[in-house]
Amino acid sequence: MSMKLGVNIDHVATLRQARYAGSLGSHNCEPDLCTAAEVCEQAGAHGITIHLRADRRHIQDADLAALRPRITTKLNLEMGNTPEILAIALATRPAEVCIVPENRAEITTEGGLDAAGQSEALAPTIARLQEAGIRVSLFIEPATVQVEAARKLGADMVELHTGAFANACGDEQRAELERLIAAATLAHGLGLQVNAGHGINYENIALLHAVPHLAELNIGHSIVARSVFVGMAAAVAEMLEAMRRDPR
Ligand code: PXP
């Protein structure tokens with residue numbers, strides 16, 4: 001299996017915002033996001049992922065503008081389905097967009113997008129992004145109804161939400177893994193590219209080898225956390241190695 005790795009660098013921006021939120025643009029706003037993206041790419045990452053949230057808690061509009069021409073792999077923009085962010089995506093034209101649910105009070109994206117329940121609102125957004133040449137992914141729970149809705153909506157890809165899997169342990173985790181296996185099998189059978197993300201770390205990655213057809217994983221927090229101890233390049237390289245090492 002050759003899963004690709006998209007590194008989510010939102011939390012590099014979180015670290016910068018902790019100190020410089022009020023003085024962005026001053027000369028010493030570190031850590032620099034473009035440098036982070038470059039180091040990830042040089043370490044072998046296949047893409048860079050960022051989430052421009054409505055509340056701009058980490059990634060800023062200027063980050064997106066600066067990163068867009070600097071990224072040599074591909075930029076995957078995560079976004080909520082709002083007119084404001086859609087306009088920014090259409091103006092910036094990342095290679096890919098992953099539409100995610102967004103709730104201001106959440107610490108990170110909680111739960112998947114209700115592709116089945118929100119199809120009317122999603123259809124025009126997906127169409128406009130695709131017309132602009134942007135491949136569209138929907139971040140959904142590993143559930144039949146959501147996978148089928150993503151297919152009906154004409155999405156190019158689904159990103160299966162691995163949060164429940166990551167939070168569970170023992171039998172519960174096994175059950176979550178089965179849900180991911182079933183959803184990935186269905187999505188692939190329907191012609192969708194299958195990605196996964198959220199809460200994936202250096203330990204639970206071993207279990208994800210059981211999920212078939214995974215094309216790409218989007219991983220953020222665990223890599224940025226690991227980079228505190230070993231540096232970003234080593235943290236990315238270690239994750240790539242864990243993705244190659246199928247323990248079964
Ligand atoms: N994929 C999506 C759609 C996300 O919203 C997030 C979190 O921003 C991630 C992947 C990365 O999750 P984590 O930071 O837990 O690796």
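As the structure lists them, so they are numbered: ligands from 1, and atoms in each ligand from 1.
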Do the charged groups of [X] and [Y] touch, with an N to O distance under 4.0 Å?
| X | Y | answer |
| --- | --- | --- |
| Glu84 | Arg56 | yes |
| Arg226 | Glu238 | yes |
| Glu241 | Arg244 | yes |
| Glu216 | Lys74 | yes |

Any nitrogen or oxygen of Gly199 lying under 3.5 Å from a nitrogen or oxygen in ligand 1? Just yes or no.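 Checking ligand 1 against Gly199, an N or O pair does fall under 3.5 Å apart.
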Any nitrogen or oxygen of Gly220, side chain or backbone, less than 3.5 Å from one on ligand 1?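 Among all N and O atoms of Gly220, at least one is under 3.5 Å from an N or O of ligand 1.
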For [X], take its heavy atoms, then give the atoms of ligand 1 lying under 4.0 Å from any of them.
| X | answer |
| --- | --- |
| Glu159 | 1 (N), 2 (C), 3 (C), 10 (C) |
| Val100 | 3 (C) |
| His198 | 6 (C), 7 (C), 10 (C), 12 (O), 15 (O) |
| Asn8 | 8 (O) |
| Asn218 | 10 (C), 11 (C) |
| His221 | 13 (P), 14 (O), 16 (O) |
| Ile219 | 16 (O) |

Does some side-chain heavy atom of Met243 sit less than 4.5 Å from a side-chain heavy atom of Leu5?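 Yes, at least one pair of side-chain atoms sits under 4.5 Å.
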Pairs in or reaching into residues 217-248: which pass ring-ring contact (aromatic ring centres under 6.0 Å, His included), with residues at least two apart or in two chains?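 As it turns out, the ring-ring contact (aromatic ring centres under 6.0 Å, His included) pairs with a partner in residues 217-248, which skip direct neighbours, are His11-His221.
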Can you tell me which portion of Glu78 lies within the under-4.0 Å heavy-atom range of ligand 1? Options are side chain, backbone, both, or neither.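 The part of Glu78 near ligand 1 is the side chain, not the backbone.
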With a 3.5 Å cut-off and no angle check, do the side chains of Asp114 and Gln146 form a donor-acceptor pair?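 Judged by distance alone, the side chains do pair up.
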